[in-house]
Amino acid sequence: MAKVTFKNVSKRFEKVIAVDNVNFHINDGEFFTLLGPSGCGKTTTLRMVAGFYYPSDGKVFFNDRDVTYLVPEARNTGMVFQNYALFPHMTVYENIAYGLQVRKIKGKIMKDKIYDVLNLVQMNGYENRKIAQLSGGQQQRVALARALVIRPDILLLDEPLSNLDTKLRKTTSEELRKLQKQLGITAIYVTHDQEEAFSVSDRVAVLNLGKIHQIDSPTRIFNYPEDRFVAEFLGNVNLFEATVSTIDSENITLSVPFSERAIVASRARQRQDWTFAISEKVDVMIHTNQLQLVKKSEGTNHITGRLLMKMFNGLIWNFDVETVNVQWRVSQFNYATVNYSDFVTGREASLYLPPREIYLIKRREGV
Ligand SMILES: Nc1ncnc2c1ncn2[C@@H]1O[C@H](COP(=O)(O)OP(=O)(O)OP(=O)(O)O)[C@@H](O)[C@H]1O
């Protein structure tokens with residue numbers, strides 16, 4: 001087991017700053033994910049953990065040991081690559097044996113280790129198959145077995161599920177999480193898929209353009225995004241700009257671009273480490289499932305709009321509603337007893353914004 005620390009780490013490739021002054025600390029046995037859009041520096045960060053790249057600036061520690069410039073072979077990390085990087089004409093057994101042979105492990109010890117790990121990833125019986133004769137999901141298990149057979153202190157996973165179909169991704173990510181906890185191994189996972197990141201991770205770092213925007217548990221990131229980028233990247237949100245009008249012990253009122261009347265946000269919903277001032281400009285977030293579609297627009301936080309689109313996907317209904325200056329997305333669970341046909345595309349449809357679901361994002365410089 002190992003802790004991993006990045007201290008002021010940057011990585012430049014000529015003019016490109018792939019990783020820009022990144023700091024984080026990963027605990028023993030933690031499942032930690034680097035999440036962000038394509039090109040944000042996830043893979044470069046992971047490669048600096050593995051030792052495939054050395055930082056241009058800053059330091060990397062495993063526990064208290066400075067490993068910044070240590071060669072990959074001396075780090076005891078196991079890596080699963082996006083394309084698995086297996087030898088297609090070799091058997092499953094030979095692929096897994098490779099890393100052990102490099103480490104001069106032979107004979108019965110090697111054999112026992114290979115059968116142990118095959119068991120672990122539920123691939124016993126496949127040892128003599130060639131990689132080219134396996135399905136994508138099975139190849140993924142072999143790649144995982146190959147990374148685990150050396151008993152690494154840290155398991156590194158670079159989009160390991162991206163070649164699997166949606167259903168298999170779900171079950172495999174659940175298994176991966178179980179296995180990681182069972183082994184108590186520290187894992188660092190790279191993905192651009194928010195759902196995948198949330199379902200496997202203890203904590204997630206959200207990156208953009210080489211910088212970390214937020215490191216938190218999945219629920220904290222979802223409910224309390226640090227900035228507008230994080231909220232937008234996670235999706236399933238409505239965002240608008242507002243100005244703080246009044247603040248009392250219970251509520252913050254906001255002047256908004258889509259209504260003459262002020263909107264009320266409950267203070268209980270806000271991050272306790274942020275304070276807001278009268279006239280402060282903020283970004284406001286409300287999750288698509290927290291907005292309510294209503295027939296009549298009466299009273300506080302009700303606004304009148306027009307239904308642009310409605311779509312049923314089996315579990316939820318999605319509605320797009322247009323009001324002055326803002327287009328909204330509303331997602332509601334389907335209930336057989338609720339009649340959604342009352343909402344007709346092109347006709348009036350109103351929204352209710354529950355005060356306890358309105359989240360204010362503090363603006364900050366430099367990100
Ligand atoms: N070897 C390299 N030489 C030059 N530029 C590079 C190199 N590797 C990465 N980059 C650049 O650094 C930035 C970060 O790349 P990185 O591969 O870390 O992103 P990523 O978040 O993993 O993206 P993806 O999800 O697309 O794999 C990108 O702009 C990329 O073009």
Side-chain angles (χ1 to χ4, degrees), residues 4-26 31-60 67-72 75 77-86 136 139-140 143-144 147 154-166 168-170 172-173 176 186-201 203-216 218 221 225-235 366-367:
V4 179
T5 307
F6 266 48
K7 263 198 185 147
N8 304 323
V9 172
S10 296
K11 178 67 182 172
R12 287 181 291 275
F13 298 103
E14 290 163 19
K15 280 188 198 144
V16 179
I17 304 177
V19 174
D20 191 0
N21 195 22
V22 155
N23 288 282
F24 59 79
H25 175 78
I26 305 174
F31 204 126
F32 189 84
T33 294
L34 302 166
L35 171 70
S38 179
C40 73
K42 306 179 293 285
T43 298
T44 305
T45 304
L46 198 70
R47 286 178 156 262
M48 288 191 281
V49 181
F52 299 141
Y53 290 154
Y54 295 143
S56 312
D57 284 308
K59 292 208 172 300
V60 178
V67 298
T68 314
Y69 302 110
L70 192 66
V71 293
R75 295 193 182 209
T77 57
M79 184 128 169
V80 179
F81 297 89
Q82 187 171 0
N83 57 5
Y84 313 139
L86 297 165
Q139 291 185 27
Q140 197 275 339
L144 185 61
I154 308 162
L155 179 63
L156 305 174
L157 303 139
D158 191 356
E159 308 233 12
L161 309 181
S162 59
N163 291 327
L164 308 180
D165 64 53
T166 318
L168 201 55
R169 281 172 88 127
K170 259 203 168 131
T172 315
S173 63
L176 197 59
T186 305
I188 311 180
Y189 192 92
V190 160
T191 182
H192 60 267
D193 184 316
Q194 172 253 312
E195 216 178 301
E196 203 172 289
F198 279 15
S199 53
V200 294
S201 313
R203 281 189 310 149
V204 174
V206 183
L207 280 87
N208 189 36
L209 300 172
K211 285 193 194 312
I212 293 183
H213 281 238
Q214 185 166 6
I215 302 179
D216 251 321
I221 290 183
E226 182 84 31
D227 57 37
R228 191 174 172 126
F229 170 79
V230 175
E232 258 169 350
F233 181 72
L234 298 184
V367 286

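Computed from a prediction, not measured in an experiment: that's the story for all the values here. Index from 1, following the sequence. Atoms within each ligand, like the ligands themselves, are counted from 1 in listed order.
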Open item on the list: What I'd like to find out is whether the side chain of V60 reaches to under 4.5 Å of the side chain of V9, using heavy atoms alone.
Closed with: yes

- [ ] Sort out the contact shell of ligand 1: every protein residue with a heavy-atom distance below 4.0 Å, listed by chain and number.
- [x] F13, V16, A18, P37, S38, G39, C40, G41, K42, T43, T44, Y53, E159

TODO: Answer whether the closest heavy-atom distance between the side chains of Y189 and D158 falls below 4.5 Å.
DONE: no

Open item on the list: Is the terminal nitrogen or CZ of K11 (NZ for Lys, CZ for Arg) located under 6.0 angstrom from the six-membered ring centre of F13 and within 45° of that ring's axis?
Closed with: yes

Open item on the list: Looking at D227 and V230, would you say the former's side chain and the latter's main chain have a donor-acceptor pair under 3.5 Å?
Closed with: yes

Open item on the list: Taking D193 first and then R169, would you say they form a salt bridge - that is, a charged N and a carboxylate O separated by under 4.0 Å?
Closed with: yes

Task: Heavy-atom side-chain proximity of F24 to I212 below 4.5 angstrom - done: yes

